[in-house]
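Side chains are part of it too, since the values below use all heavy atoms of this structure and drop only hydrogens, waters and symmetry mates. Note that the structure is predicted; figures quoted are calculated from it, not measured. Residue numbering restarts at 1 for every chain, and letters A, B, ... go by the order of the sequence lines.
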2 protein chains.
Amino acid sequence: MSHADWIMQFPGLSRLSTELRQYLTDNSRVIDIPVDTVIFGPGKPPEQLLLLLSGTVRVQKTSETGREIVLYRVHAGESCVLTTACLMAYEDYSAEGIAETGLQAVAIPRDVFDRMVADSPEFRQFVFMAYSRRMTDLFAVVEEIAFRRLDIRLAQKLIELSSEQHTIQTTHQKLAGELGTAREVISRQLAEFQRRGWIEQARGVIHILDRDQIKALAKQ
Amino acid sequence: MSHADWIMQFPGLSRLSTELRQYLTDNSRVIDIPVDTVIFGPGKPPEQLLLLLSGTVRVQKTSETGREIVLYRVHAGESCVLTTACLMAYEDYSAEGIAETGLQAVAIPRDVFDRMVADSPEFRQFVFMAYSRRMTDLFAVVEEIAFRRLDIRLAQKLIELSSEQHTIQTTHQKLAGELGTAREVISRQLAEFQRRGWIEQARGVIHILDRDQIKALAKQ
DNA sequence: TGTGTTTGGTGACTTGGTCACAGACGCGCT
DNA sequence: AGCGCGTCTGTGACCAAGTCACCAAACACA
């Protein structure tokens, strides 16, 4: 990735003026982060805003009992707003972000971020848009766990994970983490799906047999 | 409330320069909003940022089945960030904000807000701080509903609502809405608290008899 | 004093979460 | 091949929480 052209990967930033683009590329650096790195978490405040060039960051919460729930994911072309919040407000995180894959990212120091927000309406739009999207994601999570039945949520997740293919590589434990429930509950639910002939299972693999039925349940 | 001095009510804004203060007071107006007004909600995008001078706004989500859950409250001295998000990003709300009391608020038009963010580091700090706090609130809600037992959450809520006094004026239905559960569940849980001699109930009223026991449960 | 509305109580049942195990499978090692 | 070990999955018993269908008590007010 050349230092000069990463900006084009961010639709929201493509309309920046030439000077500001120059300023941004001059005062930031592209870094690589290995998979499974904890990017931020309780007690680990960062000193820079990250813009993801490639890879995904998983943001999750863990309970004292060890149960986990995925809050949202940051994909390539997006920014880590949580980092931003703390960048500006000096608050401590209450969730953690983990590199789900190897990452390539642009690191923007605090003062550069502040100047960009001040000088560019486009950059402001970009930042507030990112916030807005995370808020929306979180609202969706709350709605799901508070009101939606688990079999429906699991069906949705299976459809999401099996885009086009009919094989999913994952464990019951990971699915439980996605939905914020316990492994046993997933096991039972998948056993029921299997009994109905919707899926077939092997260790670490789920085969989709009847996508239509699963989809029908998912959109209830 | 005089037009000139409302700014002092916002700690985050008290350090604004004299010019910007003038600009802000000149280009905003103080409005009154009656209790139970729906300030924003799905399909009701606002054209201005609200800063609360007095009263509280309840932000909640409602399921198709009619169950509700309170996400957070905006108190006097705070701003409605959700409004801000949509102000800047033009996105549609997926939660609704309701005036829990009569409100007095400062309404700031979109373009004034944008200029303030551009021109004032203090205002930026104020806005990002507000976002940061809401994010934190939402994380807490997710954690609560996903991982915490209901009896503990109810005990916490009782302690919170009964600050100093030993009487709470509320209905089982409202408590259910606070915690995102069903009325019957609250009724049963309160019946159990009563059986233990921790509370006494009458229609629309709960008397705290043994605050220490409730507190002990709350902080598990 | 009656009548409608709001609030609370209850039983039966379903769904979801917890706990304590026991197998089953994959994989490296000798 | 056979062994050992860690990870993954299956299961039963039990508890907690949500749903459904009603009913009863308290209140509001004509």
Side-chain angles (χ1 to χ4, degrees), chain A residues 36 61-69 141-158 167-196 199-207 217 220, chain B residues 36 61-69 141-158 161 167-196 199-207 217-218 220:
Chain A
D36 289 334
K61 222 167 183 336
T62 307
S63 78
E64 313 87 53
T65 66
R67 263 174 63 195
E68 298 187 340
I69 183 168
V141 170
V142 170
E143 175 150 51
E144 292 280 291
I145 58 182
F147 302 136
R148 194 120 331 193
R149 291 174 47 107
L150 197 83
D151 51 354
I152 296 174
R153 296 206 288 139
L154 179 54
Q156 288 172 345
K157 192 49 86 175
L158 291 183
T167 310
I168 304 175
Q169 281 250 2
T170 189
T171 67
H172 295 185
Q173 185 63 67
K174 282 178 187 159
L175 285 171
E178 293 288 331
L179 301 178
T181 183
R183 197 261 315 160
E184 297 91 314
V185 178
I186 297 292
S187 293
R188 275 200 285 262
Q189 217 33 265
L190 287 178
E192 174 61 19
F193 286 177
Q194 187 166 33
R195 197 194 60 73
R196 294 183 197 165
I199 62 170
E200 226 170 37
Q201 301 190 67
R203 188 189 173 88
V205 182
I206 298 172
H207 294 282
L217 176 59
Q220 274 193 10
Chain B
D36 289 335
K61 220 164 185 337
T62 307
S63 77
E64 310 89 53
T65 66
R67 266 175 61 196
E68 298 186 340
I69 183 167
V141 170
V142 171
E143 175 150 50
E144 292 279 291
I145 58 182
F147 302 136
R148 194 120 332 191
R149 290 175 49 109
L150 196 83
D151 51 354
I152 296 175
R153 296 205 289 140
L154 179 56
Q156 288 173 344
K157 191 50 85 175
L158 291 181
L161 291 176
T167 310
I168 303 174
Q169 281 249 2
T170 189
T171 67
H172 294 188
Q173 185 64 66
K174 281 178 189 160
L175 284 171
E178 294 286 332
L179 302 179
T181 181
R183 197 260 314 159
E184 298 92 313
V185 178
I186 297 292
S187 293
R188 275 200 282 263
Q189 211 42 258
L190 287 178
E192 173 61 18
F193 287 178
Q194 187 165 31
R195 196 193 60 73
R196 295 182 197 166
I199 62 171
E200 226 169 37
Q201 300 190 70
R203 188 191 171 87
V205 182
I206 299 172
H207 295 283
L217 176 60
Q220 274 192 8

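The salt bridge (Lys or Arg N to Asp or Glu O under 4.0 Å) check on B:Arg196 picks up B:Glu192, with sequence neighbours excluded. The side-chain hydrogen bond (donor to acceptor under 3.5 Å, both in side chains) search around B:Glu178 returns B:Arg73, B:Lys157, not counting sequence neighbours.
Taking atom CG of A:Leu179 as the reference point, atom P of C:dT15 lies 17 Å away to the nearest angstrom. Look at CG on A:Leu154: it is 10 Å from P on C:dG16, rounded to the nearest Å. B:Arg195 places its CZ atom 15 Å from the P atom of C:dG9, with the value rounded to the nearest Å. Distance, A:Gln220 CD to C:dT15 C1': 15 Å, rounded to whole Å. In this structure, the CD atom of B:Glu144 is 17 Å from the C1' atom of C:dG17, given to the nearest Å. Here D:dG10 presents its P atom at 13 Å from CD of A:Glu200, a figure rounded to the nearest Å. Computed from coordinates, the A:Ile206 CD1 to D:dT9 C1' distance equals 12 Å when rounded to whole Å. In this structure, CD1 of A:Ile186 is placed 16 Å from P of D:dT11, rounded to the nearest angstrom.
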Produce the list of close N/O pairs, under 3.5 Å, pairing protein atoms with atoms of nucleotides 28-30 of chain D; give distances to one decimal.
none

Could you pull out the protein-nucleic contacts involving nucleotides 12-19 of chain D (nitrogen or oxygen on both sides, under 3.5 Å)?
unit_1: D:dA17; atom_1: OP1; unit_2: B:Leu150; atom_2: N; d: 2.7
unit_1: D:dG18; atom_1: OP2; unit_2: B:Thr181; atom_2: OG1; d: 2.5
unit_1: D:dG18; atom_1: O3'; unit_2: B:Arg67; atom_2: NH1; d: 3.2
unit_1: D:dT19; atom_1: OP1; unit_2: B:Arg67; atom_2: NH1; d: 3.3
unit_1: D:dT19; atom_1: OP2; unit_2: B:Arg67; atom_2: NH1; d: 2.8
unit_1: D:dT19; atom_1: O4; unit_2: B:Arg188; atom_2: NH2; d: 2.8

Identify each atom pair where a protein N or O and an N or O of nucleotides 22-27 of chain C are less than 3.5 Å apart, giving names and distance.
unit_1: C:dC25; atom_1: O2; unit_2: A:Arg203; atom_2: NH1; d: 3.1
unit_1: C:dC25; atom_1: O2; unit_2: A:Arg203; atom_2: NH2; d: 3.4

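Of all the heavy atoms in A:His172 and A:Ser187, the pair that sits closest is ND1-OG, 2.9 Å. Of all heavy-atom pairs spanning B:Arg148 and A:Glu64, the tightest one is NH2-OE2, 3.1 Å. Across every non-hydrogen atom of B:Phe147 and A:Ile69, the tightest pair is CZ-CG2, 3.8 Å.
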Verdict with supporting geometry, B:Leu190 and B:Leu154, side-chain contact (heavy atoms from CB on, under 4.5 Å): CA-CA 9 Å; B:Leu190 287 178; B:Leu154 179 56; 3.9 Å; yes

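When each of B:Val185, B:Ile145, B:Ile186 is tested with B:Leu179 by the rule side-chain contact (heavy atoms from CB on, under 4.5 Å), just one qualifies, namely B:Ile186. Exactly one residue among A:Thr181, A:Ile206, A:Ile168 makes a side-chain contact (heavy atoms from CB on, under 4.5 Å) with A:Leu175. That residue is A:Ile206.
Direction change of the helix axis from one end of the helix from C:dT1-D:dA30 to C:dT30-D:dA1 to the other is 20°, with five pairs defining each end axis (rounded to 10°).
Between the side chain of B:Arg67 and the backbone N or O of A:Ala146 there is at least one donor-acceptor pair closer than 3.5 Å. Remark: side-chain polar atoms of A:Thr170 are not paired, donor with acceptor, to backbone N or O of A:Lys174 under 3.5 angstrom.
The phosphate of D:dT7 (OP1 or OP2) has no side-chain N or O of A:His172 nearer than 4.0 angstrom.
Note that CD of B:Glu68 and NZ of B:Lys61 are 11.5 Å apart. Values are rounded to the nearest 0.5 Å. Rounding to the nearest 0.5 Å gives a distance of 8.5 Å between CD of A:Glu184 and CD of A:Gln173.
B:Glu144 places a side-chain heavy atom less than 4.5 Å from the side chain of B:Gln156.
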